[in-house]
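Remarks on the structure that follows.
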Amino acid sequence: MINILVADDQELLRQSLIIILKNTPDFHVTDAVADGREVIRSVRKEKPDIILMDIRMPVMDGVVCTQIIKEQYPDIKIIILTTFDDDKYVYDALKYGASGYLLKGISVNELADSIRKVYNGTAIINEEVTSKVVNLFSQMAKSNIAIEVDENAAKDLRDSELRIAVLVGRGFSNKEIAAKLDLSEGTVRNTLSTILSKLELRDRTQLAIWAVQTGTVNKNIEIN
């Protein structure tokens with residue numbers, strides 16, 4: 001029996017996955033939760049074999065949650081199940097130990113087969129994502145990108161600036177950041193310009209790399 005934890009902030013999808021998984025004889029759903037913090041609480045209680053994890057969830061997203069789970073429970077396998085095939089999400093999920101990265105358009109049989117393969121130790125990546133992974137690691141092999149920022153400048157970031165830096169590191173657009181922090185897009189753009197000036201960075205890509213490299217992206221921040 002394969003014990004599975006479902007993590008997705010969309011209730012309809014959670015319930016659909018529960019029905020699908022429960023109708024598979026060798027699967028057992030231990031829990032279904034809506035965000036990363038609930039994942040951690042459930043894992044401590046239920047100790048599932050596999051977590052089906054969405055990327056974009058409130059409170060704590062799937063990438064940060066993957067890192068925390070794999071550090072504390074390395075034997076638990078994580079399959080990212082998402083609608084997003086963004087390069088950064090692919091890279092971060094795999095970097096932090098995800099065993100699978102699947103897009104939500106896959107069939108029920110493909111999902112079931114992927115769960116069994118991951119449970120038995122095989123890494124699974126959706127075909128649409130595979131080319132991104134190959135290109136990404138090819139680029140990494142050719143260059144070693146490092147972003148250096150003065151520590152004092154980083155410490156001088158205000159809380160409002162730090163929140164935006166963290167969300168940029170997590171791959172959110174200005175529009176998404178504005179919605180999450182209850183700000184106007186103009187305020188986000190202006191604050192982002194201030195952050196780049198303080199840290200002496202060229203653009204948001206450098207800011208995102210810095211946030212990931214320094215672990216800033218994993219900071220717990222208060223979001224509306």
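All heavy atoms count here, side chains included; hydrogens, waters and symmetry mates do not. Position 1 is the first residue of the sequence, and the numbers go up from there.
- Contact between A165 and A211 at its shortest, heavy atoms only, is O-CB, 4.1 Å.
- Through side-chain heavy atoms spaced under 4.5 Å, either directly or across other Ile, Leu, Val, Met, Phe, Trp or Tyr residues, I19 is tied to no other residue.
- Across F27 and A112, no two heavy atoms sit closer than the pair CZ-O, 3.7 Å.
- For E38, the side-chain contact (heavy atoms from CB on, under 4.5 Å) criterion is met by V33, A34, D35, R41, not counting sequence neighbours.
- A donor-acceptor pair under 3.5 Å is absent between the side-chain atoms of D54 and the main chain of M57, judged by distance alone.
- The side chain to side chain donor-acceptor pair (under 3.5 Å) check on D26 picks up R116, with sequence neighbours excluded.
- Note: the hydrophobic cluster containing I20 does not contain L13 (ILVMFWY, side chain heavy atoms under 4.5 Å, direct or indirect links).
- Within the 4.5 Å cutoff, side-chain heavy atoms of L162 are placed close to those of T216.
- Within a 6.0 Å radius of CD in E185, other residues, nucleotides and ligands contribute more than 12 heavy atoms.
- Applying the side chain to side chain donor-acceptor pair (under 3.5 Å) criterion to Q15, with sequence neighbours excluded, gives no partner residue.
- Between Y96 and E71, the closest side-chain pair of non-hydrogen atoms is not below 4.5 Å.
- Side-chain N or O atoms of K47 include none that pairs as donor or acceptor with a backbone N or O of S42 at under 3.5 Å.
- Partners of D49 under the side-chain contact (heavy atoms from CB on, under 4.5 Å) rule, at least two apart in sequence or in another chain, are I2, N3, Y119.
- Heavy atoms only, all atoms of each residue included: I79 and S114 are closest at CD1-O, 4.2 Å.
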So V6 and L21, side chain to side chain contact (heavy atoms under 4.5 Å, CB included) or not? Walk me through it. CA-CA 10 Å; V6 175; L21 297 172; 3.7 Å; yes
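- Every residue two or more places apart in sequence or in another chain that forms a salt bridge (Lys or Arg N to Asp or Glu O under 4.0 Å) with K198 is listed here: E161.
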Side chain to side chain contact (heavy atoms under 4.5 Å, CB included) between I80 and I55: does it pass, once the steps are laid out? CA-CA 7 Å; I80 300 297; I55 282 283; 3.4 Å; yes
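- Considering all non-hydrogen atoms of both residues, N174 and V188 come closest at OD1-CG1, 3.7 Å.
- Listed here is the closest heavy atom pair of T30 and P48: OG1-CB, 3.9 Å.
- Every residue two or more places apart in sequence or in another chain that forms a side-chain contact (heavy atoms from CB on, under 4.5 Å) with S107 is listed here: N109, E110.
- Looking only at side-chain heavy atoms (C-beta outward), I50 and L5 stay at 4.5 Å or farther from each other.
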Begin from the C-alpha positions of V168 and I195 and carry the test side chain to side chain contact (heavy atoms under 4.5 Å, CB included) through to its verdict. CA-CA 11 Å; V168 168; I195 295 168; over 6 Å; no
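- Under the side chain to side chain donor-acceptor pair (under 3.5 Å) criterion, Q206 pairs with no residue at all, not counting sequence neighbours.
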Can you check side chain to side chain donor-acceptor pair (under 3.5 Å) on T187 and S184, steps first, answer last? CA-CA 5 Å; T187 298; S184 69; 2.8 Å; yes
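- Side-chain contact check for L17 versus L111: some heavy-atom pair is nearer than 4.5 Å.
- S16 is linked by a side-chain contact (heavy atoms from CB on, under 4.5 Å) to L12, counting only residues two or more places apart in sequence or in another chain.
- Residues L196 and L181 are members of one and the same hydrophobic cluster, defined by side-chain heavy-atom contacts under 4.5 angstrom among Ile, Leu, Val, Met, Phe, Trp and Tyr.
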Kindly determine whether L103 and L81 satisfy side chain to side chain contact (heavy atoms under 4.5 Å, CB included), including the steps that lead there. CA-CA 6 Å; L103 300 184; L81 183 61; over 6 Å; no
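- The shortest distance between side-chain heavy atoms of I4 and H28 does not fall below 4.5 Å.
- Shortest non-hydrogen contact noted between M53 and C65 is CE-SG, 3.7 Å.
- Every pair passing salt bridge (Lys or Arg N to Asp or Glu O under 4.0 Å) that includes a residue from residues 3-23 is listed here, sequence neighbours excluded: D8-K104.
- By the side chain to side chain donor-acceptor pair (under 3.5 Å) test, T24 pairs with no residue at all, sequence neighbours left out.
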